[in-house]
Amino acid sequence: MIFLFDFRLFSQEFIRPVVTNYGVWKLRECIIIRLVDSDGNVAFGEVSPLPWFGSETMEDALSFCVQLQGKISQDGIFQIPDFLPACQFAFESALASLQKNQQLINYENLDFCGLLPSGKDAINQCLILENQGYTTFKWKIGVEDTDTEIEIFKLLISQLPSSAKLRLDANGGLNFDSTKLWLSICDQFSEQVEFLEQPLSADKFGEMLELSNVYQTKIALDESIATLQQLKQCYQQGWHGIFVIKPAIVGSPSRLKQFCQQHPIDLVFSSVFETEIGRKAALNLALELSNYHRALGFGVQHYFRETELNWLENLWNKN
Ligand SMILES: [Mg+2]
């Protein structure tokens with residue numbers, strides 16, 4: 001089966017920049033792809049790369065789209081090379097939606113983790129999200145100095161309802177000693193701290209494995225498992241903690257599914273600030289693969305202005 005293919009660039013400015021250990025991120029750019037089958041059925045997919053995380057760049061993705069010259073076969077979709085993981089996700093999920101392999105999601109029933117800004121702004125934002133019904137929150141650390149962040153952490157914990165959960169994400173920005181410090185503090189609040197995410201950079205796997213056996217607080221790998229190959233490697237090297245999966249950049253959804261069905265691992269799914277196209281596809285996958293029922297890391301809507309209802313139609317007609 002050959003599909004007609006075309007694509008458009010789309011970007012959204014964040015209401016407030018996303019500040020992490022990587023720096024300040026202001027604009028989310030992506031490529032929306034469209035497949036049309038021989039009966040004229042249409043489906044969309046989204047390429048939302050995160051190159052500092054190990055995916056292809058927008059340029060890589062664009063040149064892939066351009067060289068297709070307006071068509072791609074079903075085999076071609078499953079043969080997209082591994083160095084284009086965000087493209088693998090976009091094309092496979094568009095294909096799944098054409099083949100009606102996606103379930104309809106009832107968003108009402110999903111439990112999302114709300115993303116807080118770094119620093120002390122987290123305290124106010126947490127109250128706002130709490131009022132919207134969130135009970136799980138994620139706070140970025142490793143941005144300011146450790147002592148300051150620990151003080152803010154204690155304030156944040158003190159205002160959380162006792163049933164709420166807090167995830168800390170360092171984006172690899174801690175060192176061995178500050179990781180130990182954070183883990184020992186988290187152990188004191190084990191009721192509320194769900195896990196510490198990626199304390200050390202991806203090349204420090206051995207250290208994270210060691211620490212995961214010493215403290216009660218769970219460690220989650222994120223940057224270490226940005227692609228499916230890395231995920232498999234960490235699993236084989238004995239990682240039994242939590243795996244954070246960003247479906248939009250991890251690579252082929254069908255191969256991810258296969259791996260997760262054969263190896264029931266503790267998964268947390270997480271957004272890369274997709275539009276509703278990528279979001280739906282990612283949530284579909286998440287719902288299919290979640291074993292442990294952890295909150296979905298897709299509580300990021302408050303980072304964007306609401307898009308116009310017919311944004312997709314406009315995007316195609318404009319160009
Ligand atoms: Mg993370």
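Keep in mind that what you see is a predicted model, and the values were worked out from it rather than measured. Remember, it's 1-based here, ligands and their atoms both numbered in the order they're listed.
Counting only distance, with no hydrogens or angles, the side chain of Asp187 and the backbone of Gln216 share a donor-acceptor pair below 3.5 Å. One N or O on the side chain of Glu46 and one on the backbone of Gly278 form a donor-acceptor pair closer than 3.5 Å.
Within Glu197, OE2 is the N, O or S atom that lies nearest to the Mg ion (ligand 1). In terms of distance to the Mg ion (ligand 1), the nearest N, O or S atom of Asp222 is named OD2. The Mg ion (ligand 1) sits nearest to atom OD2 when only the N, O or S atoms of Asp169 are considered.
Arg167 has no carboxylate O lying under 4.0 Å from a charged side-chain N of Glu197, or vice versa, which leaves the two without a salt bridge.
Ring planes of Phe7 and Phe5: parallel class, angle under 30° (limits at 30 and 60°).
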